[in-house]
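Read the structure below first, then the notes.
Naming: A, B, ... by sequence-line order, numbering from 1 per chain. As a basis for the values below, the full set of heavy atoms in this structure was taken, side chains included, without hydrogen atoms, waters or symmetry mates. Only a predicted model underlies this, so the values are computations on that prediction, with no experimental measurement involved.
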Number of protein chains: 2
Amino acid sequence: MKLTSKGRYAVMALVDLARFDTINPVSLRDISLRQGISLDYLEQIFSKLKKNQIVKSTRGTQGGYILSKKPIEIKLSNILNAVDEKVKTVQCKKESKKGCNGKATKCVTHNLWDELETHINTFFDKKSLQDLLKNNSERVN
Amino acid sequence: MKLTSKGRYAVMALVDLARFDTINPVSLRDISLRQGISLDYLEQIFSKLKKNQIVKSTRGTQGGYILSKKPIEIKLSNILNAVDEKVKTVQCKKESKKGCNGKATKCVTHNLWDELETHINTFFDKKSLQDLLKNNSERVN
DNA sequence: ACATACCTGACTAAAATGGTCAAGTTTAGA
DNA sequence: TCTAAACTTGACCATTTTAGTCAGGTATGT
Ligand code: FES
Ligand code: FES
């Protein structure tokens with residue numbers, strides 16, 4: 001059970017954006033250099049962030065991206081959903097009456113994984129970009 | 001971010017074992033049929049569970065597996081660790097001073113992922129096999 | 001005009017996943 | 001003693017996912 005780079009990069013990039021977009025839009029090139037993330041990969045990620053209205057873009061010279069909301073309004077869950085880093089613990093379709101093994105009842109572990117999913121999503125719903133900004137300036141190491 | 005089948009199967013199989021091992025050892029063949037898990041795959045999983053002293057085996061005809069501890073003593077974390085379903089959220093090596101990007105400081109999201117890891121592990125540490133047995137008989141759907 | 005920066009989609013190498021297959025060894029019971 | 005049930009081990013493999021790269025665009029400030 002692990003987090004993928006796409007989700008990690010998305011959050012890193014948005015923290016970067018939150019810090020530097022106060023005056024001018026921030027170019028992906030800058031983020032790429034500061035955070036050590038491939039530019040081409042960043043473009044894929046930002047395309048999704050834009051579709052989900054988390055960032056706004058300006059084209060042309062001196063263009064770049066800015067956040068479309070205040071950092072405190074952007075929850076981790078928004079970001080991760082946007083880049084398809086969904087938390088998926090149950091195997092079966094939740095709405096369906098069928099279990100993951102194709103049987104008519106949910107398997108013995110279904111409720112467990114469902115609880116876990118809620119547990120994790122609660123965590124992501126509570127945390128906002130703002131929390132990360134704060135957290136980072138507090139700790140040096 | 002998703003759970004793999006190996007972890008899911010391990011838990012399913014152990015719940016099955018907890019229910020049926022009271023008199024005789026339970027054969028993997030039985031578990032395979034009841035839970036709809038490939039026999040060959042179960043063997044891989046139980047090999048690991050045995051190495052981690054979660055189950056004991058008896059060879060030969062009428063052989064099979066039994067739990068080596070009481071269900072309440074077997075935590076989910078024990079099971080998932082045994083089958084290498086580790087929760088891994090940070091990219092970097094935790095002990096190292098270096099960050100995931102190779103830089104000298106931890107990245108801006110490091111603390112976040114570390115918190116998440118703790119959050120999830122706490123969940124797994126609290127839940128035991130016993131909880132699953134109970135939970136399952138309570139709920140029909 | 002032209003450099004900068006966003007935009008789009010196709011492509012791909014490498015790793016992880018979810019198994020299968022083959023060839024044993026051990027032991028209960030007929 | 002013979003045999004079948006059941007554990008044991010290790011190699012193998014197809015598919016999917018991941019983490020990008022690459023090659024082309026299009027828009028726009030100067
Ligand atoms: S995970 Fe939903 S039925 Fe097994
Ligand atoms: S995850 Fe540890 S430094 Fe980035």
Side-chain angles (χ1 to χ4, degrees), chain A residues 1-13 17 20-21 24-52 54-66 68 80 83-89 91 100-101, chain B residues 1-13 17 20-21 23-52 54-66 68 80 83-88 91 100-101:
Chain A
M1 188 174 203
K2 66 173 194 209
L3 209 70
T4 67
S5 285
K6 195 177 286 189
R8 206 188 323 271
Y9 286 167
V11 178
M12 284 172 71
L17 207 55
F20 292 99
D21 80 344
N24 295 313
V26 179
S27 73
L28 292 189
R29 155 170 269 272
D30 287 350
I31 297 178
S32 168
L33 291 174
R34 275 197 294 262
Q35 305 295 332
I37 305 170
S38 142
L39 176 59
D40 285 315
Y41 202 25
L42 270 181
E43 280 173 350
Q44 283 183 39
I45 293 169
F46 272 75
S47 156
K48 298 192 179 194
L49 291 176
K50 193 187 172 184
K51 274 192 196 120
N52 286 266
I54 291 170
V55 296
K56 279 186 258 187
S57 67
T58 318
R59 300 180 74 143
T61 316
Q62 301 302 324
Y65 288 92
I66 56 171
S68 51
L80 297 175
V83 296
D84 303 316
E85 180 86 356
K86 304 226 175 78
V87 177
K88 177 164 168 41
T89 55
Q91 178 75 349
C100 54
N101 43 19
Chain B
M1 186 171 206
K2 67 174 193 212
L3 209 68
T4 66
S5 286
K6 195 176 286 188
R8 206 189 321 272
Y9 287 166
V11 177
M12 284 172 71
L17 207 55
F20 292 99
D21 80 346
I23 304 172
N24 295 312
V26 179
S27 73
L28 292 190
R29 154 172 269 275
D30 287 350
I31 297 179
S32 167
L33 292 174
R34 275 196 294 261
Q35 304 297 330
I37 305 170
S38 144
L39 177 58
D40 284 316
Y41 201 25
L42 270 181
E43 281 172 350
Q44 282 183 41
I45 293 170
F46 272 75
S47 156
K48 298 191 179 197
L49 291 175
K50 193 187 174 185
K51 273 194 196 118
N52 286 267
I54 292 171
V55 296
K56 279 187 259 188
S57 68
T58 318
R59 298 178 75 146
T61 315
Q62 301 302 322
Y65 289 92
I66 57 171
S68 53
L80 297 175
V83 297
D84 301 317
E85 180 85 0
K86 304 228 175 76
V87 177
K88 178 165 168 36
Q91 178 77 347
C100 53
N101 43 19

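Spacing between atom CG of B:N24 and atom P of D:dA5 amounts to 17 Å, rounded to whole angstrom units. If you measure from atom CG of B:L42 to atom P of D:dT9, you get 16 Å, rounded to the nearest angstrom. Following rounding to the nearest Å, B:K6 (NZ) and C:dA15 (P) show an atom-to-atom distance of 17 Å. Protein atom CD of A:Q44 is 13 Å distant from nucleotide atom P of D:dC22, rounded to whole Å. The separation between B:K2 atom NZ and C:dA16 atom P is 13 Å, rounded to whole Å. Here the C1' atom of nucleotide D:dT9 and the CD1 atom of B:I45 are 16 Å apart, to the nearest Å. Between B:F46 atom CZ and D:dT9 atom P the separation is 15 Å, expressed in whole Å. Rounded to an integer number of Å, the gap from CD of A:Q62 to P of C:dC2 is 19 Å.
Nearest nucleotide to the A:R59 side chain, out of C:dG19, D:dG25, C:dA16: D:dG25. Side-chain proximity of B:S5 to D:dG20, C:dG18, C:dT27: nearest is C:dG18. The side chain of B:Y41 lies closest to C:dG18, out of D:dT8, C:dG18, C:dC6.
Closest approach of A:V83 and A:I45 over heavy atoms only: CG1-CG2, 3.9 Å. Across all non-hydrogen atoms, the minimal contact from A:S32 to A:S38 is OG-C, 4.2 Å.
Between B:S57 and the phosphate of D:dA6, there is no side-chain N or O to OP1/OP2 separation shorter than 4.0 Å. Contact annotation: B:Y9 side-chain N/O to C:dG19 OP1/OP2 distance is under 4.0 Å. Proximity of A:T58 to the phosphate of C:dC6: no side-chain N or O atom is located under 4.0 Å from OP1 or OP2.
Counting non-hydrogen atoms under 4.0 angstrom, B:Y65 reaches the backbone sugars and phosphates but no base. Among the protein residues, A:K51 comes within range of no part of the nucleic acid, since none of its heavy atoms lies under 4.0 Å from any strand. Looking at heavy-atom distances under 4.0 Å, A:E43 makes contact with a base. In this structure, B:S47 reaches neither bases nor backbone, as no heavy-atom distance under 4.0 Å exists between it and the strands shown.
To the nearest 0.5 Å, atom CG of residue B:L28 and atom CG of residue B:L17 are 9.0 Å apart. B:R8 CZ to B:Q35 CD: the interatomic distance, rounded to the nearest 0.5 Å, is 13.0 Å.
Taking 4.5 Å as the limit, some side-chain heavy atom of B:F46 sits within range of a side-chain heavy atom of B:I31.
With hydrogens and angles ignored, the 3.5 Å screen pairs no side-chain donor or acceptor of B:E85 with any backbone N or O of B:K6.
Among residues two or more places apart in sequence or in another chain, the salt bridge (charged side-chain N to carboxylate O under 4.0 Å, His left out) test is passed with B:D40 by none.
Contacts between residues 25-33 of chain A and DNA chain C, counted as heavy-atom distances below 4.0 Å, involve A:V26, A:S27, A:L28, A:R29.
Residue A:L3 is the one, among A:T61 and A:L3, whose nearest nucleotide of DNA chain D lies closer to the 5' end (criterion: closest heavy atom). Both B:E85 and B:D40 lie close to DNA chain C; mapped to their nearest nucleotides by heavy-atom distance, the more 5′-ward contact belongs to B:E85.
By the 6.0 Å contact criterion, CD on A:Q62 is open, its count of non-hydrogen atoms from other residues, nucleotides or ligands being 12 or less.
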